[in-house]
Amino acid sequence: MQRNPDIPTIVKIEKVIDETPTVRTLVFSDEVLSNVLPGQFAMVWIPGINELPMSVMISREKGKAAFTVRKHGFASTELYSLKVGEQLGVRGPYGSSFTIKQGKILLVGGGTGLVPLIRLLTFLKKTDDVTLLIGSKTKNEVFFEKMANQILEHNKHAVIVVTEDGSYGKTGLVTEAMENLFSQIKFDVVYTCGPEKMMHKVVQLASSKNIYVEASIERMMKCGMGICGSCCFGEVLACRDGTVFDGKYLLTNKEFGYTHRNKAGILENY
Amino acid sequence: MQRNPDIPTIVKIEKVIDETPTVRTLVFSDEVLSNVLPGQFAMVWIPGINELPMSVMISREKGKAAFTVRKHGFASTELYSLKVGEQLGVRGPYGSSFTIKQGKILLVGGGTGLVPLIRLLTFLKKTDDVTLLIGSKTKNEVFFEKMANQILEHNKHAVIVVTEDGSYGKTGLVTEAMENLFSQIKFDVVYTCGPEKMMHKVVQLASSKNIYVEASIERMMKCGMGICGSCCFGEVLACRDGTVFDGKYLLTNKEFGYTHRNKAGILENY
Amino acid sequence: MKPNISTEVGAIKIERPTMLASGILGISLEVFDRLYKEGAGALVTKSLSKEPWEGYPNPTVVGVKAGYLNAVGLSNPGAPYFAKMISSNKTVPIIVSLVGSIPEDFDFMIKQFENVKILGYELNLSCPHVEKVGLEVGDDPELVHKIVKSVKTQSKVPVIAKVGLGSSDYLETVRVACESGVDAITAINTIRAMAIDVETTRPILSHKIGGLSGSAIKPIAVRCVYEISSQFDIPIIGCGGVSSWEDSIEFILAGASAVQVGSALVDKWVGVFSEINDGISKYMEKKNFSKIKDMIGIAKKP
Amino acid sequence: MKPNISTEVGAIKIERPTMLASGILGISLEVFDRLYKEGAGALVTKSLSKEPWEGYPNPTVVGVKAGYLNAVGLSNPGAPYFAKMISSNKTVPIIVSLVGSIPEDFDFMIKQFENVKILGYELNLSCPHVEKVGLEVGDDPELVHKIVKSVKTQSKVPVIAKVGLGSSDYLETVRVACESGVDAITAINTIRAMAIDVETTRPILSHKIGGLSGSAIKPIAVRCVYEISSQFDIPIIGCGGVSSWEDSIEFILAGASAVQVGSALVDKWVGVFSEINDGISKYMEKKNFSKIKDMIGIAKKP
Ligand SMILES: Cc1cc2nc3c(=O)[nH]c(=O)nc-3n(C[C@H](O)[C@H](O)[C@H](O)COP(=O)(O)OP(=O)(O)OC[C@H]3O[C@@H](n4cnc5c(N)ncnc54)[C@H](O)[C@@H]3O)c2cc1C
Ligand SMILES: Cc1cc2nc3c(=O)[nH]c(=O)nc-3n(C[C@H](O)[C@H](O)[C@H](O)COP(=O)(O)OP(=O)(O)OC[C@H]3O[C@@H](n4cnc5c(N)ncnc54)[C@H](O)[C@@H]3O)c2cc1C
Ligand SMILES: Cc1cc2nc3c(=O)[nH]c(=O)nc-3n(C[C@H](O)[C@H](O)[C@H](O)COP(=O)(O)O)c2cc1C
Ligand SMILES: Cc1cc2nc3c(=O)[nH]c(=O)nc-3n(C[C@H](O)[C@H](O)[C@H](O)COP(=O)(O)O)c2cc1C
Ligand code: FES
Ligand code: FES
């Protein structure tokens, strides 16, 4: 019997990896989620607590998948605090995925926005020339740098970390580093995921140079399957029409970079 | 989308064939029913009237099926009286089918019990030696003789009609003719469908000679799918475990040949 | 140690928690015996009336997208005939379902079974498609009170009330039945529903409106079991859309002591009982539950 | 000649008989505009309350075998905010769904929309999972009377009452609503239901009990439309499990003047409206119906 993607499947946490003092990766076995496309997400039920949308993180082991979660408010902190052997419900995968292009590729990620980008790396061709920009406030919030280098070891590639306080890698905003790169390299495509203000800037920069760009959008999500309306983003629904949109569309969406809806559906500024 | 066999599919009667003054064949297009196994039946909805179990008759045209109905009580008379262009609902196919065997084959049919046997003929091998006994009260109630001969034209075969009043073919009961044949030919298998008293005798005769025999049983049917219980026949359900049973089983069923249940579920004698 | 899947519905003790639902194949002792051997823990008969009923003309049972519709019209051979038919029973755990309009109907029927070996009675207060019986009784608290009181006085075996969603609050029916002394509740019966064929523009069932069963109603039935078990201290038999061991466990976690299986026979036929029983057993083993009782209602924990 | 698929629900005239059901994507004017262009004949908003509501914590929507369960908890931005948000509307046929506990709640909300272009109001008397509103109102005939009377006095546009299966006779709610002057009935809302996860032994929805929608409830919804149209002379909007043109025709034959589509968006997304409209049009052509009206309720012929 094929599994109904809208009914939670219970998985057991098999491994917990500390990425930074506030970010952990929870690994579990699940054939379906291990094979999702880059950009797709799951609705993750922490039984008795809440359910959150989470990008599906890769695991290097076959048949396994993971979530990489930053402890933040109540639900994400509960998720972050789960131990090996504890259960999660997962439904999905939901959402669209990044379009796989070839050539000189730039990925710009911040925080847990790196999750879909890391998965995307595993879909790239060995002939691609790949640059990954990792943005972070400070050194001890940096993660996935080593993993990205490993995935790209057979590619021409660069993994560049940018910290706002200069405690590691380059100094400044990731978007500043991106502008610098643009003056040196002509990229064929840009992918981004992270804070919306950052993505907005990335999309503007790429578009201004006529480079094809895609971003994965976050909105309040309840159903994940396109009926509740909570993830509404202009005339599109982030969970269903997205989460990945191309820059051309995004620049026509007047919410992009500015506003999102809260749990009651009221627009709030970023 | 695959069709749900338990929801009526509406078909339109395309041809009406008078077989005898009281028996007609109604032909319609239906891919599913055109391909059923011999012995399988459909629940036939005469909209606004009733729904009756009917063996699925063959049509010589591809993608078509038929019902051959004898006008009897209210519902069957309404079915019999339908005209070209009128609609029927069909659900199914339901039930088991005759087991296709090879060799010297005897089929013994009476009345509309011939319907599954005619379909069975189309499943036999060209190398089979086939004898079909058609029992009838009188000459003008005989039907399917010509069709049977046509289907069997490339086989070694005999189609023998037996009328009780001797107005056509041999005279007497079909079971008497069968006894005669038994003294001349050693059959490998016997198939029968018709009045239960007749089938009972056929099964007894064949079993006494250790010949494998199968019969298709009729009982009051409401659901056709094995839940309502109205077709209960000893510990089996005619619609689901049958309608085809082998002689060995049938002779252990104490209802066989003697009793059946009415619409309220009360046992009545044949 | 193998988990023990026997269960108790009040005073009714059965070896396995899966029963045959009323109206499903429940017409002969031979079929009951077969289903018992196939793994059913108990067999509920078709709902019996004082006199034989032919039921409605066909179509009486048809499929819908997510289940089945039926308006069989409670066809049954009548209690006297049926009692005689099963009078030779020694081993099969039979629960006799009864349907009627007034206490006297039930009294008469119970007399017929006085010397017949049965586990208990199930009062059908919930058939949604026959007038003056079933839901029309269940929707009338006073009548429910009178019938249950009277049946409890007459009957030497436990009495179960089968409820469904009618035009009044079914929890009120449960309350009255409990206060009147009923030993257990079966929840739920089919839900009033219909299907119209668009080609012929006609309702498909001859009775037009029938009852919906199967997967479609399972979440509603689970809710009812959960609500009853949250509000009353009475054993419950879950019914409605059970087709797997997961479904059965779901009902048990919601508060049921046993389940009944009906429509699932269409897909899984008589093997459904042992399939469910095996699944329950494996689940209990894995989860370290040693008996059914340990699971009943635990989804209610906060 | 192409058949005409425009329809009238009392005084509400729409170009196409397929509406978006309340609570489904109904949160922004841009989405409404898109769905209107995709073929929806009208858009019903999320049920709005006086003040913004966050709704329940997740999980609020999950699948079940034959449909969906939700206990979103009527999350909505509140009537004042929403009225402002759609105040620029000129072309989109919007029906505003309102939810509240007392007539004054509704009066307040209606004031907010006084200068906004809308087709009508739909009173949610049937949400099955929030206390003091929805079904708890619908199950109280006196309150229904007061609310409908008051809303009808205030409103300049037609008023629809949306009913569902609660703990009283929904036909009584319909009767009271009709007598109180309502212009149309939407039937039905989701049905109280739940799902329990057997691995964690917990109810899945954070609110535990939610409402069942989708294919599972269609035969029940068709029955309700059939019953209402058999007993009352009031325009009806059919809702519950509509996912194809056949489903829509089924509701129309049962007595509906239009249908609402909700859960089917999961499988068919925004293309569902034009798919249904085209199917209805082809059906009418084949069957020689020139307008929707000619089909309404004809399954009731004897
Ligand atoms: C498609 C998608 C993928 C995501 N992937 C990841 C990931 O891989 N790793 C990760 O750590 N986080 C991810 N998030 C964010 C995550 O879902 C939560 O928003 C975040 O963890 C904050 O949760 P909280 O419990 O701390 O929120 P709270 O403290 O309760 O609220 C803080 C804010 O979090 C956001 N939030 C809360 N609940 C939701 C919800 N149901 N849907 C969307 N936003 C919500 C809201 O903006 C809210 O105002 C993703 C979000 C989306 C939409
Ligand atoms: C599997 C099966 C295949 C059949 N195939 C054919 C066929 O190919 N051609 C044909 O003419 N007839 C066939 N019949 C018989 C047919 O279904 C009717 O029983 C018969 O036509 C009499 O119907 P009626 O309306 O005249 O019955 P009525 O006059 O109403 O009743 C007469 C008797 O017919 C029988 N009957 C009525 N309704 C049913 C029912 N729903 N199920 C079973 N028996 C019923 C009962 O014995 C009843 O007492 C088949 C029956 C079964 C069970
Ligand atoms: C064909 C059929 C006949 C039924 N007859 C009865 C009956 O006589 N008495 C009764 O209490 N319930 C009757 N029911 C209801 C079932 O016992 C059961 O409550 C319902 O079908 C839900 O369970 P299910 O989803 O497992 O089928 C009948 C159901 C069906 C499908
Ligand atoms: C996620 C979700 C939210 C809903 N919110 C509302 C609501 O706010 N108001 C309302 O009247 N109905 C609400 N409903 C009920 C629908 O409008 C509709 O009546 C029900 O879903 C049945 O239709 P369907 O089977 O087409 O989904 C909601 C349904 C769902 C699935
Ligand atoms: S999360 Fe419900 S529509 Fe996107
Ligand atoms: S006809 Fe219903 S069980 Fe056979």
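Residue numbers start from 1 in every chain, and the chains themselves are labelled A, B, ... in the order their sequence lines are given, proteins ahead of strands.
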Margin query: Measuring from atom OG1 of C:Thr200 to atom CD of B:Glu86, what distance do you get when rounded to the nearest 0.5 angstrom?
Written below: 12.5 Å
Note to self: For C:Arg34, which atoms come within 4.5 Å of any heavy atom of chain B: side chain, backbone, both, or neither?
What the structure shows: side chain
Check: So do the side chains of C:Ser28 and B:Arg261 get within less than 4.5 Å of each other, counting heavy atoms only?
Finding: yes
Check: For C:Val64, is it the side chain, the backbone, both or neither that has a heavy atom under 4.5 Å from a heavy atom of chain B?
Finding: backbone
Next item on the list: Step through the shown structure and confirm whether more than 12 heavy atoms of other residues, nucleotides or ligands are within 6.0 Å of NZ on C:Lys117.
Entry: no
Check: Under a 4.5 Å cut-off applied to non-hydrogen side-chain atoms, are B:Ile227 and C:Val61 in contact?
Finding: yes
Item checked: Residue B:Asn4 versus chain C: region with a heavy atom under 4.5 Å -> side chain
Notebook entry, point to check: Given that the side chain runs from C-beta out, which part of C:Tyr68 has a heavy atom under 4.5 Å from chain B: side chain, backbone, both or neither?
Noted result: side chain
Margin query: With heavy-atom distances below 4.5 Å as the criterion, would you say the side chains of C:Pro59 and B:Lys222 are in contact?
Written below: no
Check: Between B:Lys254 and C:Glu30, is there a salt bridge with N-O shorter than 4.0 Å?
Finding: yes
Next item on the list: May I ask you to check whether C:Asp197 and B:Trp45 show a side-chain donor-acceptor distance below 3.5 Å?
Entry: no
Notebook entry, point to check: Under 4.0 Å between a Lys/Arg side-chain N and an Asp/Glu carboxylate O for B:Asp6 and C:Lys65?
Noted result: no
Notebook entry, point to check: Are any of the side-chain heavy atoms of C:Asn58 and B:Met43 separated by less than 4.5 Å?
Noted result: yes
Note to self: Looking at B:Lys12, I want to see if its NZ is surrounded by more than 12 non-hydrogen atoms of other residues, nucleotides or ligands under 6.0 Å.
What the structure shows: no
Notebook entry, point to check: Do B:Glu235 and C:Asp33 come close enough that some side-chain heavy atom pair is under 4.5 Å?
Noted result: no
Next item on the list: Would you mind reporting whether C:Thr60 and B:Cys223 have side-chain heavy atoms less than 4.5 Å apart?
Entry: no
